[in-house]
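Have a look at the structure below, then the notes.
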Protein chains: 2
Amino acid sequence: MRVIARIATHGGPRSVPPMRLVIARCQVDYLGRLTAHLPMALRLLLVKADGSVSVHADGGAYKPLNWMSPPCTLAEQPGRWTVTNRAGEQLIIEIAEVVHDWRHELGADPGLVKDGVEAHLQALLAEHTAKLGPGFTLIRREYPTAIGPVDLLCRDADSVTVAVEIKRRATIDAVEQLTRYLELLNRDCLLAPVGGILAAQSIAPQARTLAEDRGIRCVVVDYDELRGMPSNDLRLF
Amino acid sequence: MRVIARIATHGGPRSVPPMRLVIARCQVDYLGRLTAHLPMALRLLLVKADGSVSVHADGGAYKPLNWMSPPCTLAEQPGRWTVTNRAGEQLIIEIAEVVHDWRHELGADPGLVKDGVEAHLQALLAEHTAKLGPGFTLIRREYPTAIGPVDLLCRDADSVTVAVEIKRRATIDAVEQLTRYLELLNRDCLLAPVGGILAAQSIAPQARTLAEDRGIRCVVVDYDELRGMPSNDLRLF
DNA sequence: ATCTATATTTCGAGG
DNA sequence: CCTCGAAGTATAGAT
């Protein structure tokens with residue numbers, strides 16, 4: 001299985017304070033891109049080795065109520081934490097009562113390995129252009145244009161150029177994106193006429209309607225099936 | 001100051017397990033919209049009262065390495081947690097060693113009060129339409145159309161109707177959004193011709209290019225300046 | 001339930 | 001550093 005992304009949170013030796021978990025009664029104010037206020041209540045304060053501070057309630061899934069992302073500095077006074085970043089944004093935590101305060105050294109994390117993101121879908125489709133239509137061949141991946149790269153540029157059985165936009169889930173935005181590419185590519189006399197294909201694991205109904213209205217063909221791709229196919233890259237000799 | 005949003009994480013009496021914090025050596029696999037794998041390492045496992053489970057390293061800001069959002073169920077076996085949601089996605093946590101395992105009752109959170117989000121910018125611009133151009137007057141906010149509400153509908157000095165799309169930061173998507181509105185509004189013989197303005201605290205270069213190419217005027221708005229101006233709504237008597 | 005639009009989006013890659 | 005596009009985006013509101 002192909003490794004698409006590896007996220008190393010940090011590596012190598014370091015000498016920063018380890019993860020800190022505080023249960024405290026606190027009120028919090030964020031003064032930055034917006035202002036946000038949290039009335040006094042019991043919450044979890046999570047200070048990570050990267051310097052980030054997050055304020056969690058016992059709900060709201062993984063998202064904290066309030067936070068400051070690194071790089072930032074934590075100034076700790078009695079009853080008051082002030083977290084500041086380079087942009088001058090502040091997270092001010094007034095602490096009325098500390099119930100617990102632990103620190104734990106976790107060490108560097110080996111990182112996350114993902115499989116099945118859009119880039120992987122693109123790689124697989126580039127190897128199996130026949131899934132887009134019989135006789136399709138690849139001109140190139142990430143075909144550069146003035147307004148950004150086209151995911152795949154292909155040639156169909158009649159040697160007509162076809163731009164392919166790939167999404168895991170296609171919405172109306174993907175149709176607009178492909179439309180912009182097509183408009184630009186069709187101004188190029190050496191390429192025009194250029195057809196369009198929207199290829200995705202799932203396509204929103206309204207996206208399909210808009211696409212077909214604009215003469216863009218929609219192709220639903222089965223990721224697991226693609227992954228199971230032998231690669232064109234295999235050299236037999 | 002206007003209260004724009006209040007987020008209550010949960011309220012009223014409840015009888016669910018309280019927040020649980022586990023420091024453990026674990027490996028994690030997510031099998032869902034994609035697959036993701038975390039090799040064995042020491043991490044923080046956070047189980048909230050809402051049922052969510054998140055796996056944190058000592059970095060990566062507030063985002064967990066892996067997680068499952070509620071609603072989901074946690075099946076706990078010796079050395080193995082299996083978290084499953086309704087869609088059948090799974091988060092499988094193999095636990096080699098538990099360093100700590102605490103539970104803490106936090107109680108309901110009074111919730112977050114925000115000020116300064118896009119809705120506030122819209123309210124301020126509605127009160128100060130002159131910032132969009134001399135002689136501009138407001139027809140209405142959230143002008144309804146078949147494909148959604150237009151942020152502001154105005155009349156310029158020449159009594160021409162102008163649709164205004166407001167963003168904190170405008171990208172190409174905002175231009176497309178406004179373009180769809182304009183296309184629709186210009187089919188209405190009672191309104192046409194309708195002009196367009198993209199108003200934002202910042203405008204991405206490509207968004208500006210595309211907007212101006214389509215005859216949409218771009219206006220950069222200073223939120224703090226607007227906030228400091230006296231309101232038209234003030235009644236003096 | 002589906003779709004639209006917002007978000008302190010966050011995050012990573014590329015120029 | 002900015003710019004841009006993807007994300008298990010998540011989340012709330014409207015239809």
Side-chain angles (χ1 to χ4, degrees), chain A residues 4-9 29-36 52 54 60-70 72 85-87 89-91 112 114-122 142 144 147-149 151 165-169 171-174 177 201-202 204-207 209, chain B residues 4-7 9 30-36 52 54 60-70 85 87 89-91 112 114-122 142 144-151 165-174 176-178 180-181 201-209:
Chain A
I4 292 297
R6 183 176 288 270
I7 301 167
T9 47
D29 284 280
Y30 166 69
L31 305 170
R33 281 157 285 185
L34 53 69
T35 63
S52 65
S54 21
Y62 72 67
K63 195 168 194 194
L65 291 164
N66 234 327
W67 69 92
M68 186 69 79
S69 298
C72 60
N85 69 8
R86 215 166 297 167
E89 300 181 329
Q90 285 193 314
L91 189 70
L112 184 68
K114 289 185 185 183
D115 171 66
V117 295
E118 185 193 296
H120 200 176
L121 194 56
Q122 186 192 110
E142 302 284 348
I147 57 171
D151 288 341
E165 177 63 36
I166 300 172
K167 287 278 184 272
R168 272 177 7 95
R169 174 168 171 75
T171 65
I172 214 164
D173 289 349
Q177 191 180 349
Q201 289 178 267
S202 77
Q206 294 205 355
T209 302
Chain B
I4 294 295
R6 184 177 285 274
I7 301 167
T9 46
Y30 165 70
L31 304 170
R33 280 158 284 185
L34 53 68
T35 63
S52 66
S54 22
Y62 74 67
K63 196 168 192 195
L65 291 163
N66 235 327
W67 70 93
M68 187 67 81
S69 299
N85 70 6
E89 299 181 332
Q90 286 193 314
L91 189 69
L112 184 69
K114 290 186 186 185
D115 171 67
V117 294
E118 185 195 296
H120 201 176
L121 193 56
Q122 184 193 110
E142 302 284 348
T145 76
I147 56 171
V150 178
D151 287 341
E165 177 62 37
I166 300 171
K167 288 275 184 278
R168 276 181 3 100
R169 173 167 172 76
T171 66
I172 215 161
D173 289 347
E176 299 288 14
Q177 190 181 346
L178 179 53
R180 289 196 296 272
Y181 288 136
Q201 290 178 265
S202 78
I203 298 177
Q206 292 202 356
R208 179 180 289 273
T209 302

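We name chains A, B, ... by the order of the sequence lines, and we start the count at 1 in each one. Just so we're clear, the structure is a prediction, and the values are computed from it rather than from any experiment.
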How would you label the contact of A/P205 with the nucleic acid (heavy atoms, under 4.0 Å): base, sugar-phosphate, or nothing?
sugar-phosphate

May I ask you to say what B/D173 touches in the nucleic acid, namely base, sugar-phosphate or nothing, with a heavy-atom cut-off under 4.0 Å?
nothing

In whole angstrom, what separates A/L65's CG from C/dT8's C1'?
13 Å

Tell me what B/Q206 touches on the nucleic acid: a base, only sugar-phosphate, or nothing, going by heavy atoms under 4.0 Å.
sugar-phosphate

B/I172 or B/P70, whichever maps to the more 5' nucleotide of DNA chain D
B/I172

With respect to the side chain of B/R180, which nucleotide from C/dA5, C/dT10, D/dG8 is positioned closest?
C/dA5

Got A/D115 and B/L34 here, is their nearest side-chain heavy-atom distance under 4.5 Å?
no

Closest listed nucleotide, where the reference is the side chain of B/V117 and the choices are C/dC3, C/dA5, C/dT8:
C/dT8

What is the nucleic acid contact for B/Y30, judged by heavy atoms within less than 4.0 Å: base, sugar-phosphate only, or nothing?
base

Phosphate oxygens OP1/OP2 of C/dT6: is one of them under 4.0 Å from a side-chain N or O of A/R33?
no

Which nucleotide in the set D/dG8, C/dT6, C/dC11 lies at the smallest distance from any side-chain heavy atom of B/M68?
D/dG8

If you check the B/L34 side chain, which of C/dT10, D/dA6, D/dG8 turns out closest?
D/dG8

Quick check: on DNA chain D, is the nucleotide nearest B/L91 upstream (toward 5') of the one nearest B/R169, or the reverse? Name the residue that is more 5'.
B/R169

If you check every side-chain atom of B/E165, which of D/dA6, D/dG8, C/dT6 has the closest atom?
C/dT6

Heavy atoms only, 4.0 Å cut-off, all strands: where does B/L121 land among base, sugar-phosphate and nothing?
nothing

Report which part of the nucleic acid A/A36 touches: base, sugar-phosphate, or nothing (heavy-atom distance under 4.0 Å, all strands).
nothing

Between A/Q90 and A/Y30, does any side-chain donor sit less than 3.5 Å from a side-chain acceptor?
no

Out of C/dA5, C/dT8, C/dT6, which nucleotide sits closest to the side chain of B/E118?
C/dT6

Of the listed nucleotides (D/dA6, D/dA10, C/dA5), which one gets closest to any side-chain atom of B/Y181?
C/dA5

Which nucleotide, D/dA10, D/dG8, C/dA5, lies nearest any side-chain atom of B/N66?
D/dG8

Measuring from the side chain of B/K63 (C-beta onward, heavy atoms only), which nucleotide among C/dC11, D/dA6, C/dT8 has the closest atom?
C/dC11

So what does B/Q122 touch, heavy atoms closer than 4.0 Å: a base, only the sugar-phosphate, or nothing?
nothing

